[in-house]
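Structure, as structure tokens:
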Amino acid sequence: MMHTEGKHGIGDSNLRSGLGICMDSKLMSAQLMLKYLYSGATVCMISMRWPASMVDSAMRRLGIQQVISYRTDLKTTTLDPKSIKAESLERFRNQQFHDGGKTILFTSGTTDYPKAVVHSAHHHIISAERVVKALNLGSQDRWLLVLPLWHVSGMSIVFRCLIANAEVVVPDSQTSLYESISAKRITHISLVSAQLLQIMERSAPSHIRTVIVGGGPVPTHVIETARNNGWPVHTSYGMTETSSMITLSHKSFNPNSMGYSLSGHEIKITGDQEIMVRSSALCSGYLIDGKIRSIVDDDGWFHTGDLGMIDTDQQLHILGRKDNMFISGGENISPEEIESHINRFPQVQESVVIPVHDPKFGQRPVAFVRGLAHITDLSDYLVKYLPKFMIPQIYQWPESIAPNMTKLERKEFINEAMRLQATANDRSINMSKSE
């Protein structure tokens with residue numbers, strides 16, 4: 001696939017023909033994304049999980065007036081996907097992108113509004129070329145697309161397969177993940193922890209060559225179970241701003257690491273343990289008030305906000321987020337440090353730790369855990385490994401929050417913890433009155 005550098009520099013507000021795509025259909029989303037991207041348009045991929053008010057607000061802020069969607073609840077003008085000719089993905093192989101083609105993807109995170117990340121098609125191609133080389137992806141390979149196109153981990157699969165002449169395979173929604181992998185003779189797949197849980201106990205088919213797991217921490221016992229059953233699991237680290245992964249684990253596997261830096265990406269750790277990245281695959285910037293604002297410092301480094309370390313084997317380890325840190329009774333607490341201990345406990349499938357207000361300590365840690373039957377056993381376990389101020393109050397995973405399919409939204413759990421505390425306080429008051 002050929003590519004050309006975009007002519008528009010940092011700070012350029014000329015985002016040509018901005019158009020939103022908000023659809024569940026992965027195949028049609030990919031076809032339409034490429035159709036408009038090749039024509040030089042700016043394509044904004046929007047999560048179907050967003051409520052209408054959030055979609056409309058984001059489109060107003062970005063100045064996008066039309067969204068391709070089957071949704072009927074949007075105030076933004078919608079275009080019926082059936083009225084637009086969607087061409088086969090094969091149509092786009094070995095074609096040259098228009099200079100002006102750009103994508104907008106939204107980050108998930110701790111800010112009030114998701115950040116709008118602008119990439120040129122060139123960035124996606126650079127990132128894809130590096131992964132294709134690392135995985136030796138070729139024309140005989142088949143990559144199962146189970147991640148959404150509004151997330152960079154899903155979008156990147158399309159670019160990798162176009163470059164390598166590999167096949168993008170979209171699963172049948174009525175078929176289990178394992179059956180799709182087996183029946184469609186899948187060689188490559190990208191998953192999050194919740195999806196790996198669905199297949200880890202089954203023996204891996206002989207044709208599967210690579211299983212990439214990302215999107216957040218994965219319990220060590222989940223990775224080890226999967227690998228013992230023949231699944232070639234690789235951990236990775238990346239983000240929307242870097243056009244997907246920048247590290248990948250090798251055969252010398254360490255389940256607690258994110259692997260080694262891929263060729264072309266530079267990583268360094270600052271004195272306060274922040275991970276910094278420098279790469280030609282970095283995004284153009286964040287779109288703010290019609291302008292693309294650069295994300296790099298004067299030396300070209302992107303300060304990720306993630307905390308990490310590089311071990312003696314040059315593998316990257318993620319320690320947490322700078323903006324997730326909180327203080328409890330004068331002590332600094334990293335939620336991810338508590339999560340790492342929780343995730344080592346047998347049967348834990350997923351966990352998230354968040355701070356909640358406490359009148360005595362300022363803030364206290366609260367943990368939500370999925371897959372565990374008896375919370376008391378976990379509390380007894382944590383006492384052996386964590387100081388008292390880090391022992392969280394533990395709740396079962398809320399039914400209202402789906403397992404992690406891309407990246408955890410901690411604000412949802414903070415709201416749920418506040419609701420549970422308010423309910424407990426009301427119950428305590430009522431009991432006092434009855435006495």
Side-chain angles (χ1 to χ4, degrees), residues 130-138 141-147 151-154 156-157 160-161 164 166 169 171 176-239 244-262 308 311 313-318 336 339-340 342-351 370-371 403-408:
R130 292 169 181 173
V131 175
V132 166
K133 181 179 179 181
L135 296 178
N136 193 27
L137 188 69
D141 291 318
R142 297 164 60 82
W143 203 308
L144 192 66
L145 180 58
V146 295
L147 300 175
H151 194 277
V152 72
S153 56
S156 62
I157 292 168
R160 293 169 196 162
C161 290
V169 180
S176 73
L177 180 58
Y178 184 84
E179 290 170 344
S180 291
I181 294 171
S182 299
K184 297 182 182 294
R185 299 194 63 78
I186 298 303
T187 59
H188 293 70
I189 189 169
S190 296
L191 303 172
V192 294
S193 178
Q195 293 167 322
L196 184 59
L197 280 163
Q198 298 175 29
I199 61 173
M200 67 175 188
E201 300 284 0
R202 314 254 328 241
S203 295
S206 59
H207 45 76
I208 190 79
R209 292 205 294 121
T210 302
V211 178
I212 298 173
V213 183
V218 184
T220 302
H221 68 86
V222 172
I223 292 177
E224 291 176 343
T225 298
R227 288 180 67 86
N228 288 339
N229 285 320
W231 295 98
V233 176
H234 298 261
T235 53
S236 67
Y237 169 72
M239 62 202 76
S244 193
M245 71 172 70
I246 56 175
T247 72
L248 183 68
S249 61
H250 294 180
K251 290 183 179 179
S252 55
F253 190 76
N254 180 343
N256 296 312
S257 89
M258 297 296 106
Y260 302 88
S261 175
L262 292 171
D311 64 22
D313 193 33
Q314 298 304 301
Q315 297 193 66
L316 177 68
H317 295 252
I318 306 300
E336 290 86 355
E339 290 166 6
S340 69
I342 293 175
N343 289 342
R344 293 171 192 161
F345 191 73
Q347 291 143 8
V348 169
Q349 298 175 358
E350 195 169 7
S351 69
R370 189 164 70 88
N404 177 19
M405 295 308 291
T406 47
K407 196 169 183 179
L408 288 170

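Note that the structure is predicted; figures quoted are calculated from it, not measured.
Atom CD of Glu350 and atom CD1 of Ile342 lie 12.0 Å apart (nearest 0.5 Å). Considering CG of Leu177 and CD of Gln198, their distance stands at 5.5 Å, rounded to 0.5 Å. Atom-to-atom distance recorded for His221:NE2 and Gln347:CD is 8.0 Å, nearest 0.5 angstrom. Note that the OG atom of Ser153 and the CG atom of Leu191 stand 10.0 Å from one another [nearest 0.5 Å].
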Does the pair Leu262 and Val131 meet the rule for a side chain to side chain contact (heavy atoms under 4.5 Å, CB included), with working shown? CA-CA 8 Å; Leu262 292 171; Val131 175; 4.0 Å; yes
Verify side chain to side chain contact (heavy atoms under 4.5 Å, CB included) between Leu144 and Val169, making sure each step is shown before the conclusion. CA-CA 5 Å; Leu144 192 66; Val169 180; 3.8 Å; yes
Begin from the C-alpha positions of Leu248 and Leu135 and carry the test side chain to side chain contact (heavy atoms under 4.5 Å, CB included) through to its verdict. CA-CA 10 Å; Leu248 183 68; Leu135 296 178; 3.6 Å; yes
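Side chain of Arg227 to backbone of Val233: a donor-acceptor contact under 3.5 angstrom is found. Side-chain atoms of Thr235 come within 3.5 Å of backbone N or O of Ser257 as a donor-acceptor pair. When atom types are taken as modelled, the side chain of Thr225 and the backbone of Met200 share no donor-acceptor pair closer than 3.5 angstrom. Side chain of Ser236 to backbone of Gly214: no donor-acceptor contact under 3.5 angstrom is found.
Nearest heavy atoms, Arg142 versus Ile186: O-CG2, 3.4 Å. The two residues Pro171 and Val146 come nearest to each other via the heavy atoms CG-CG1, 3.8 Å. Across all non-hydrogen atoms, the minimal contact from Ala194 to Arg370 is CB-NH2, 3.7 Å.
For Pro205, the side-chain contact (heavy atoms from CB on, under 4.5 Å) partners two or more places apart in sequence, or in a different chain, are Tyr178, Ile181, Ser182, His207, Ile208, Trp231. Residues satisfying the side chain to side chain donor-acceptor pair (under 3.5 Å) test with Ser176, not counting sequence neighbours, are Glu179. Applying the side-chain contact (heavy atoms from CB on, under 4.5 Å) test to Val152 and every residue at least two apart in sequence or in another chain returns Leu105, Thr240, Ser244. In this structure, Ser203 has no side-chain contact (heavy atoms from CB on, under 4.5 Å) partners at least two apart in sequence or on a different chain. In this structure Ser180 satisfies the side chain to side chain donor-acceptor pair (under 3.5 Å) test with no other residue, sequence neighbours excluded. When the side-chain contact (heavy atoms from CB on, under 4.5 Å) test is applied to Asp311, the partners found at least two apart in sequence or on another chain are Asn254, Met309, Asp313, Gln315, His317. By the side chain to side chain donor-acceptor pair (under 3.5 Å) test, Glu336 pairs with Asn324, Ser334, sequence neighbours left out. Residues passing the salt bridge (charged side-chain N to carboxylate O under 4.0 Å, His left out) test with Arg209, sequence neighbours excluded: Asp141. Residues passing the side chain to side chain donor-acceptor pair (under 3.5 Å) test with Asn343 are Ser351, sequence neighbours excluded.
At a threshold of 4.5 Å between non-hydrogen side-chain atoms, the residues Ser190 and Arg160 count as touching. Side-chain atoms of Ile189 and Val211, non-hydrogen and from C-beta on, do get closer than 4.5 Å to each other.
For residues 181-201, the ring pair (Phe, Tyr, Trp, His ring centres under 6.0 Å) pairs, not counting sequence neighbours, are Trp143-His188.
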